[in-house]
Asks: 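Here it is, the structure in full.
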Amino acid sequence: MSIPVLSNLNLLFDQPILLVDLVANGFMIGAIFALAAFGMALVWGVMNIINIAQGEFVMLGGFVTLFLMEAGMPAVISVPLAVAVLFIVGGGFYYLVIDRVVDRDMFSSVLATFGISILLSQLSNQFFGADVRTVDPGLGTWLLADGMVSLPWVKLIAFILTLVIGVGLWLFLKSSRLGQAIRATAQNPRAARVLGINTRRVYALTYSLNAALCGAAGGLVVMAWAIHPYMGLPYTVRSFMVVIVAGLGNLPGVVLAGLGLGAAENLAGFILGAEFQIAFVFCLMILVLVWRNMMLKRKRKYLK
Amino acid sequence: MSLAAQPIFAVTVGDSIELGAAVSITGKYSTNGKHTQNGYDLAVKIINDKGGVKLGGKSYKIKIKYYDDESTPARGAQLAERLIKQDGIKFILGPYSSGLTKAMVSVTEKYKVPMVEANGASVGLFNKGYRYLFAILSTTEQYLQTAVALAAKVNGKNTVKVAGVFENDPFSQDIRNGVFADAKRLGMHVVIDDKLPPDLSDMSATLTKVKALKPNLLVVSGHAKGAALAVRQVADMKVNVPMLAMTHCDSAEIIVKFAKAAEYILCASQWDRSLSYRDALFGSAEDFAQLFEKTYGYAPPYQAAESAAAVLVYKNAFERAGKLDTEMVRNAIAATDMQTFYGKVRFDKTGKNIAKPMILYQVQDGQFKVVAPPQWASATLRWPTPVWDKR
């Protein structure tokens, strides 16, 4: 166990350029997870719902993109269309299911979204088949330093898209009327309703927006990696983790946490071996939470 | 338990013998479950059309009772119990995957009912002393041994550096053990030994290491997802390896999905339609493939071929046993020594087929070509794989 770790570290010291490759690829992995995490942060913050079906929305976004691209459409049209389709799917699920549990305790909503998650993965299996699918966007790879650093363009686009969406979302929530309505509803739904905000519509919109963001993430996943009907859970868990580390209602934090965890994951995979890649990230999450709790305690606050 | 102690007589409903199977119609194995079922059904149809099973001057038709195991081992075990206890079935055909076979074998052993299976390759099934389990396919440790031998041959006297990336599940780890045992025996140097967590979606950390250490042979096994990810990311990251061998190329459909990026990749396979095996019912391997294509509309993957062969083994054993007594049929299966379109079938003491070798494909100009072992090869190995800039 200790020998490979040492030799892996040695390799990093011998060829420091590998560090660049690992961190850059890690950032890009993190960016895709951050994209799914935005939506989760939003739904959690505004509606107090932890959406277990997050990963299934990513999967659906992937399948929509896949079918459009297999029908001959380019990626620049397919991904936005997947976003639009998922926006509608999200709205549908809101009025069908979420609307009935949004005022209940968290236990009901977790069960309800868990139900959606099972339903979606089984239906996808039924209609799309259990095969692992992927699509080649044909965008190529950006090679640096004699090929030692390789950055696939799909992932670079994912990275840029995450930053753009992050800033866009932040501006939207801060300055648009709708954004203000969303924030007001998040702070106090009853007061918002008294002041004439249609909170039901705000909730529906928030949930649709979440599904749409997942759709974008899914479109990138199918081009960068692969999708299949049962891929959802890891994406839900990762989004959850990113939101927890970032802290609720902290959008810049989601970007930072997503990218940081991605880089940490990739480095850990290299140094400790792939088997500890995901375990390491979870250990890191626990450390971050303990540390944040300690910092808060100094100010006599506590972690919510 | 009292039931297990009773003497067991086989059910014959009218003039037919009923076999039982739990296959994955839904769940994550549904694609391969379907191949399994199609293979079984085609064999039953051929046997019945060509006179059925002849026992004591009388001819019996074969029927199969199916249940859907939902790709979950717990359900598989339940269904085995149900097939044997409620439905009174005395001869079981295997499910798809080692995991489900493992779950069902504990039940079939308990009731002393034979199970001939075609889709559980894990070595772990054959070191537990099971008496009623027979597998007609080659076991996991043999999957990529041909690739290791090939790497040793082409590299001559130079020390071969091997990198292994295997999913952290029993099947892939079995393959890992087989590959590394052979690599060590041949004096190779293992430079990477990574175990991928099943829910990992990106293997760039491992591939970065491959770029740095430049192994002569990269071996990947992680079901269809692992194969798809590996082909995608090796191409995306422009990782140059002279030889890349993997499993599940066909179920991941790497040729259709990746076209050029899949070229030069070596793939383990149980069977191929170009092999010169044949039997009296199906004819040659190619005849089977054509019949299968005509019936189901797609080319048979090896999962379907081996499933069909499992039914042939039962027919052969019934006729030699001469009576539908589970113990006599079990002994007849154990003594099987037959030629099928799928290859020779002869079981060792543990119940695995030792008469049929694994073959190795290489993707050449958009087609799977058999390149090893030498007696079956239809094309010569293309080696070394050119670097990405020259492809």
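Labels below follow one simple rule: chain letters A, B, ... track the order of the sequence lines, proteins then strands, and each chain is numbered from 1.
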Asks: Under a 4.5 Å cut-off applied to non-hydrogen side-chain atoms, are B:D199 and A:R238 in contact?
Replies: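 Heavy-atom side-chain distance check fails, nothing below 4.5 Å.
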Asks: Let's go through B:K211 and A:S150 carefully: what are the C-alpha distance in whole Å and the side-chain angles of both, what is the deciding distance for side-chain contact (heavy atoms from CB on, under 4.5 Å) to 0.1 Å, and is it a yes or a no?
Replies: CA-CA 10 Å; B:K211 273 199 286 189; A:S150 50; 2.8 Å; yes
Asks: With a 4.5 angstrom heavy-atom cut-off, which part of A:L143 approaches chain B: side chain, backbone, both or neither?
Replies: side chain
Asks: Which pair of heavy atoms, one from B:D202 and one from A:K155, lies closest together, and at what distance?
Replies: OD2-NZ, 3.0 Å
Asks: Is chain B contacted by the side chain of A:V237, its backbone, both, or neither, given a heavy-atom distance below 4.5 Å?
Replies: neither
Asks: Which atoms of B:E167 are under 4.5 Å from chain A, going by heavy atoms: the side chain, the backbone, both sets, or neither?
Replies: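 It is neither, since no heavy atom gets under 4.5 Å.
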Asks: Need one label for B:L200: side chain, backbone, both or neither, based on atoms under 4.5 Å from any heavy atom in chain A.
Replies: both
Asks: Please look at A:A268 and chain B and tell me whether the side chain, the backbone, both or neither of the residue comes under 4.5 angstrom of a heavy atom of that chain.
Replies: neither
Asks: Give the member of A:V149, A:T134, A:L12, A:I32 that has the highest number of heavy-atom pairs under 4.5 Å with chain B.
Replies: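 With the most close heavy-atom pairs to chain B, the winner is A:T134.
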Asks: So, for B:G27 and A:A130, which heavy atoms are closest and what is the spacing to 0.1 Å?
Replies: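 Closest pair (atom of B:G27, atom of A:A130, distance): O-CB, 3.8 Å.
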Asks: At a heavy-atom separation under 4.5 Å, does A:D21 approach chain B through its side chain, its backbone, both, or neither?
Replies: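 The answer is the side chain of A:D21.
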Asks: Are B:L213 and A:L11 close enough, and set up right, to give a side-chain contact (heavy atoms from CB on, under 4.5 Å), and what steps lead you there?
Replies: CA-CA 9 Å; B:L213 292 169; A:L11 202 61; 3.7 Å; yes
Asks: Taking all non-hydrogen atoms of both residues, which atom of A:F270 and which atom of B:K209 are closest, and how far apart?
Replies: O-NZ, 2.9 Å
Asks: Inspect the contact between B:K257 and A:D136 and indicate whether a charged nitrogen and a carboxylate oxygen are less than 4.0 angstrom apart.
Replies: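 Here A:D136 does not pair with B:K257 in a salt bridge, since their nearest N and O are not under 4.0 Å apart.
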Asks: Grab the two heavy atoms, one from A:L18 and one from B:A212, that are nearest each other, plus how far apart they are.
Replies: CD1-CB, 3.5 Å
Asks: May I ask you to decide if B:D236's main-chain N or O and A:T141's side chain share a donor-acceptor pair within less than 3.5 Å?
Replies: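 A pair under 3.5 Å: yes.
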Asks: Please check if the number of heavy atoms outside B:E293 that lie under 6.0 Å from its CD is greater than 12.
Replies: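 Atom CD in B:E293 is crowded, with more than 12 foreign heavy atoms closer than 6.0 Å.
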Asks: Measuring heavy-atom distances to chain B, does A:M223 have an atom under 4.5 Å in its side chain, in its backbone, in both, or in neither?
Replies: backbone
Asks: Flag the one option from A:M148, A:Q122, A:E265 with the top tally of heavy-atom pairs under 4.5 Å to chain B.
Replies: A:M148
Asks: Tell me, side chain or backbone of A:M231 under 4.5 Å from chain B's heavy atoms, or both, or neither?
Replies: neither
Asks: Measure B:N168 against the heavy atoms of chain A and call it side chain, backbone, both or neither at under 4.5 Å.
Replies: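 Answer is side chain: those atoms of B:N168 sit under 4.5 Å from chain A.
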Asks: By a 4.5 Å heavy-atom criterion (distance strictly below it), what part of A:V135 contacts chain B: side chain, backbone, both, or neither?
Replies: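 Just its backbone gets close to chain B.
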Asks: Looking only at heavy atoms, which two atoms of A:V132 and B:A228 are closest? And how far apart?
Replies: CG1-CB, 4.0 Å
Asks: Within the structure provided, determine whether B:S30 and A:N125 are in side-chain contact (heavy-atom separation under 4.5 Å).
Replies: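 SC-SC contact between B:S30 and A:N125 confirmed.
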Asks: Which pair of non-hydrogen atoms, one from B:P197 and one from A:A274, has the smallest distance, and what is that distance?
Replies: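 Scanning both residues completely, I find the closest heavy atoms to be CD-O, 3.2 Å.
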Asks: Should we count CZ of A:F67 as having more than 12 external heavy atoms under 6.0 Å?
Replies: yes
Asks: Non-hydrogen atoms of chain A under 4.5 Å away: do they reach the side chain of B:I192, the backbone, both or neither?
Replies: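 Answer is neither: B:I192 stays 4.5 Å or more from chain A.
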Asks: Select, from B:T208, B:N240, B:V239, the one with the greatest count of heavy-atom pairs under 4.5 Å involving chain A.
Replies: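 Of B:T208, B:N240, B:V239, B:T208 has the most heavy-atom pairs under 4.5 Å with chain A.
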